[in-house]
Q: 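Questions regarding the structure given below will be posed in turn.
Being a predicted model, the structure only gives us computed values, none of them experimental.
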Amino acid sequence: MTTGAELGMEILNEQAARLGLDLSADQLAQFAQYQRLLAEANQRANLTAITDPEAVQVRHFFDSLTAVKAVDDWRDNLRVVDLGAGAGFPGVPLKIVFPGIRLTLVESTAKKTAFLHTLAAGLGLDDVDIVTMRVEDLARTEGYRGQFDVALARGVASLSVLVEYALPLCKGHGTLVAWKGRDGPAEAQSAINALSELGGKVTGVVSMNDLSPPLPPDRWLITVEKVRRTPGKYPRRVGVPAKQPL
């Protein structure tokens, strides 16, 4: 049997086990292919500043998979949206591990969505919707508002801004998972007004210090549940949420 070490994915394989994930040989091969495709594309377009192969395994692949600390159920047909997907993190690593989820990748930069199309084809991923659009516009597009069980956001915006992007897209009792640095707990507190207006509630402030190293210290996962309907006037037009947070 092919091993993580033989594929150059030994670090990822070992760290994923700390999350209770047993990666198959096929999944490790997909991650190895992901790393190759990312390295090739990054020579033509600036997709990530993290290029060292071991760092990619930790800071991109493993960090993405920590979402399992925030959401227990990654069942088949779970509708998941990745906001500001960039080079595919965190959505694509989660799709590799949980191939039955229905993944939507949202990214406003066309050169990045071009890579995402190449990536999905190169990894043989099914049921992946790739959208070149600003997230403020997505929630006003037929077939997206109120449709998702889980929204993912890694390095996108402050939480008070992020909930205006994400909650209109979530179903009732859907969950936003936000990756945050040392200011994560403070952001959760400062987003109270926005959450009250948009129908959300912080349900988890999860420290990832038990995974440091190899992850950097002071890493947090913030989870928000949609507990009430989001008023139809949200999100506001493109650019306004970031300039005028609720």
Side-chain angles (χ1 to χ4, degrees), residues 12-13 15-24 26-28 30-31 34 60-85 88-106 120 123-131 135 138-139 143-156 159 162-163 165-180 184 188 191 195 198-211 215 219-230:
L12 175 63
N13 198 27
Q15 296 304 320
R18 298 173 67 187
L19 298 171
L21 299 174
D22 183 14
L23 302 184
S24 70
D26 286 345
Q27 288 169 332
L28 290 168
Q30 284 179 297
F31 277 113
Y34 193 166
H60 285 325
F61 297 161
F62 176 52
D63 188 55
S64 297
L65 298 182
T66 60
V68 301
K69 290 172 65 74
V71 175
D72 295 328
D73 183 7
W74 294 89
R75 64 188 181 276
D76 289 354
N77 294 314
L78 190 79
R79 288 204 66 181
V80 179
V81 60
D82 183 346
L83 305 178
F89 313 116
V92 174
L94 287 163
K95 176 68 173 175
I96 291 172
V97 176
F98 304 107
I101 66 174
R102 300 167 61 193
L103 177 64
T104 296
L105 300 169
V106 186
L123 299 181
L125 302 179
D126 296 322
D127 212 353
V128 176
D129 180 24
I130 300 167
V131 185
V135 292
L138 188 71
Y144 293 100
R145 189 180 186 93
Q147 297 301 306
F148 294 95
D149 301 289
V150 178
L152 308 170
R154 182 175 177 263
V156 174
L159 192 65
L162 190 54
V163 292
Y165 295 157
L167 289 180
L169 292 165
C170 289
K171 298 176 179 178
H173 302 291
T175 299
L176 164 66
V177 182
W179 281 249
K180 291 294 176 182
L195 290 164
L198 295 161
K201 177 179 73 172
V202 172
T203 53
V205 181
V206 182
S207 172
M208 291 195 281
N209 279 341
D210 60 325
L211 302 175
L215 290 179
R219 195 91 168 115
W220 298 84
L221 289 174
I222 311 296
T223 57
V224 173
E225 181 185 356
K226 183 173 181 175
V227 295
R228 297 187 311 280
R229 179 181 175 275
T230 302

Q: Can you tell me how far the CG atom of Leu23 sits from the CD1 atom of Ile96, to the nearest 0.5 Å?
A: 9.5 Å
Q: Taking ring-ring contact (aromatic ring centres under 6.0 Å, His included) as the definition, give me every residue that meets it alongside Phe98, ordered by chain and number, with sequence neighbours left out.
A: Trp74
Q: Can you see which heavy atom on Phe148 is nearest to which on Val80, and at what distance?
A: CD2-C, 3.8 Å
Q: If you compare all heavy atoms of Ile130 against all heavy atoms of Ala120, which two are closest, and at what distance to 0.1 Å?
A: CD1-CB, 4.4 Å
Q: Could you give the side-chain donor-acceptor pairs of residues 66-73 under 3.5 Å, partners two or more places apart or in another chain?
A:
residue	atom	partner	partner atom	Å
Thr66	OG1	Asp63	O	2.5
Thr66	OG1	Trp179	NE1	3.3
Lys69	NZ	Asp210	OD2	3.4
Asp73	OD1	Arg75	N	3.1
Asp73	OD2	Arg75	NH1	2.9

Q: Between Thr175 and Val150 (side chain of the first, backbone of the second, donor and acceptor by atom type, cut-off under 3.5 Å), is there such a pair?
A: no
Q: Carefully, step by step, assess Leu65 and Leu12 under the rule side-chain contact (heavy atoms from CB on, under 4.5 Å).
A: CA-CA 10 Å; Leu65 298 182; Leu12 175 63; 4.2 Å; yes
Q: If you compare all heavy atoms of Val156 against all heavy atoms of Leu83, which two are closest, and at what distance to 0.1 Å?
A: CG2-O, 3.2 Å
Q: Which atom names give the shortest non-hydrogen contact between Leu176 and Ala153, and what distance separates them?
A: CD1-CB, 4.4 Å
Q: From Phe62 CZ over to Leu215 CG, what is the distance, rounded to the nearest 0.5 angstrom?
A: 5.0 Å
Q: Looking at residues at least two apart in the chain, or sitting in another chain, which of them share a salt bridge (charged side-chain N to carboxylate O under 4.0 Å, His left out) with Lys180?
A: Glu187
Q: Tell me the closest heavy-atom pair linking Gly91 and Leu152, and the distance in Å.
A: CA-CD1, 4.1 Å
Q: Mind checking what makes ring-ring contact (aromatic ring centres under 6.0 Å, His included) contact with Phe31, not counting sequence neighbours?
A: Phe61
Q: With sequence neighbours excluded, tell me which residues meet salt bridge (charged side-chain N to carboxylate O under 4.0 Å, His left out) with Asp127.
A: Arg102
Q: So do Leu103 and Leu94 actually touch side chain to side chain, heavy atoms under 4.5 Å?
A: no
Q: For side-chain contact (heavy atoms from CB on, under 4.5 Å), just list the numbers for Thr230 and Arg145, CA-CA rounded to whole Å, side-chain angles, deciding distance to a tenth of an Å, and then say yes or no.
A: CA-CA 10 Å; Thr230 302; Arg145 189 180 186 93; 4.3 Å; yes
Q: For the backbone of Leu28 and the side chain of Gln30, can you confirm whether one donor and one acceptor N or O come within less than 3.5 Å of each other?
A: no
Q: Do Pro90 and Asp82 come within less than 4.5 Å of each other through their side chains, counting heavy atoms only?
A: yes
Q: Compile the donor-acceptor pairs under 3.5 Å between side chains in residues 166-174 and protein atoms, sequence neighbours left out, one pair per line.
A:
residue	atom	partner	partner atom	Å
Lys171	NZ	Asp149	OD1	3.3
His173	ND1	Glu225	OE2	2.6

Q: Sequence neighbours left out, what passes side-chain hydrogen bond (donor to acceptor under 3.5 Å, both in side chains) with Arg228? Give chain and number order.
A: none
Q: Do Lys95 and Val128 come within less than 4.5 Å of each other through their side chains, counting heavy atoms only?
A: yes
Q: Once side-chain contact (heavy atoms from CB on, under 4.5 Å) is applied, do any residues pair with Val131, and if so which ones, sequence neighbours excluded?
A: Thr104, Asp129, Met133, Leu138, Tyr144
Q: Which heavy atom of Gly100 sits nearest a heavy atom of Asp76, and at what distance?
A: CA-OD1, 3.3 Å
